[in-house]
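Sequence lines set the chain letters: A, B, ... in the order given, protein chains first and strands last, and positions in each chain run from 1. In what follows, every heavy atom counts, from backbone to side chain, and hydrogens, waters and symmetry copies are set aside.
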Amino acid sequence: MSSIVNNIKDKVTGKDNSSKQNQESEQTFTIQPHPAQKTNDPRDLQGNNFAADPKVGAFHAREPYIPPPEIKNNLPPAQCTRSREERTRALVLHPSTVLSVHHFPPRQASRYLPNMSIMEYNGGSVIAMVGKECVAIASDLRLGNQALGISSNFQKIFPMTDRIYLGLPGLATDVTTLKETFRYRLNMYKIKEEREIEPQTFAHLVSSTLYERRFAPWFIEPVMAGIEKTPSGAYKPFIAATDLIGCINFAKDFVVAGTASTKLFGVAEGLWEPDLEPEDLFETCAQTLLNAVDRDAYSGWGAEVYLITKDKVIKRTLKGRMD
Amino acid sequence: MDISFALTGKGYVIVAADTTAARSIVKMKVDEDKIKVLSPHLLMAYSGEPGDTVQFAEYIERNIRLYHIRNTYALRPPSAASWIRRSLADSLRSRRPYAVNLLVGGYDTSTHTPHLYWIDYLGTMSEVPFAAHGYGAYFALSLLDRYHDPEASVEEGLATLRRCLDEVAKRLVVTPEKYKVKIVDKDGVREVEI
């Protein structure tokens, strides 16, 4: 269409357009190879050509480089800029070059708690799982002093709002201190905002509370579970966990923490599936915890499970092995 | 090594602690009272680093007393234990922490229930039916698992305590020769000979 208009325009203006030919054949572009390469073929960039070159082959080998026999058999003997005798003489003549051997003392963990991990001092584990419009969070009930059991009724899960629950496995003194800290901070939040905190916001509150003590941390790895209300009015399950300095893990399936965390990962990986109904989720979560803590000497001694749905929370205390 | 035990029963808490004050391998004193009476219905057995123990126990004693004077009513056992725990937990992250382990036993005159709290120098606190600190814990806790009865009378409770002391005397290499035993119930605190 435009060419017809152009022809008419040319005739009207009486101008002989020499660029007419160029306009009719459409302009094309190609990607030019890098100046150092001949083509854009990715195979040419993999160094196959270089590998074949005996001069530089060793630097482009994709498997262990075996030098060809003519190179291998003609290697000169290992050389040093100075002979062995020369170096020995230098050391003797210049005593300052003799290095003094410095022995570092073995690093002491602490005066009171030698040779142990403080995260495993009291024992205890927590797990949280997502279901269909519901979440479950469960913990064991043991409090120990290393291998010695002190209490079989030490709670590690605490309600933060009506529909957010927080599990605090780790050093027991910090469990209590942090429980009190969060109670205080949530009360302040409620007074200032005149509403309950949302799970997402709460996760960041937990994170910043822990990061506040970046260089002298609380020895706790919190796990939280809750139900959040989306703007459309639907209910969305929420779980998250952080490490002891507050790095958040927003998981879609399950989160674990505590001395049995490795075992919990294994069992949860095998038992969990998406969109479990509340009662199925309870069973999955309870069985995962009970079976994982039976393989951990520092966790167990009974368990409790909180099942959070949009209209109610069910707490169940479970019997566990007492050994 | 100091040893302390405590157990609850029907309306009472028994707290027992050995009476030796030792330094290194030497016994310096054999009639030291290591159970403080914090308020009319509250007892605290303390053990741990010598020096820290008395210093910390007196600090707690005076502050609980101050609260009592200011408010006419003494702190109830759960509140007192929480405050004591918090003092230890705050101390733990100070430059020079107190190394003191505690057993806090009390009788709540409002709910008429005995309370016993196991607290260690880290500020770990747990409400328990029976508890022990020191090497005695390794023998007494399993024994108490078998013989403790939360509905036992004072006589039965003392008999169970006697079992603990005998077991420690039988099996522990360094046995304390004397214990101080105190009971707190609805009538307040009293000391008993065992």
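- Within 6.0 Å of OH on Y138(B) lie no more than 12 heavy atoms contributed by other residues, nucleotides or ligands.
- Proximity of T177(A) to R85(B): side-chain heavy atoms (C-beta onward) are separated by under 4.5 Å at one or more points.
- Residue Y135(B) qualifies as open at atom OH: its count of foreign heavy atoms under 6.0 Å is 12 or below.
- Partner of T124(B) under the side chain to side chain contact (heavy atoms under 4.5 Å, CB included) criterion, chosen from T173(A), L171(A), V175(A): T173(A).
- Taking the side chain as every heavy atom from C-beta outward, W118(B) and N145(A) approach each other to under 4.5 Å.
- Counted within 6.0 Å of CZ on R316(A), heavy atoms from surrounding residues, nucleotides or ligands total more than 12; the atom is thus considered enclosed.
- Within 6.0 Å of CZ in R162(B) there are more than 12 heavy atoms belonging to other residues, nucleotides or ligands.
- Here R213(A) contributes atom CZ and R93(B) contributes atom CZ; the two are 6.0 Å apart, rounded to the nearest 0.5 Å.
- A 6.0 Å sphere centred on CD of E194(A) holds no more than 12 heavy atoms belonging to other residues, nucleotides or ligands.
- Contacts with chain B were tallied for L143(A), L148(A), N153(A); L148(A) has the most, counting heavy-atom pairs under 4.5 Å.
- Contact annotation for D120(B): only side-chain heavy atoms (C-beta onward) come within less than 4.5 Å of a heavy atom of chain A.
- Annotation: R195(A), atom CZ; neighbour count of heavy atoms from other residues, nucleotides and ligands within 6.0 Å is above 12.
- If you take CG on D174(A) and CG on L92(B), they are separated by 7.5 Å, rounding to the nearest 0.5 Å.
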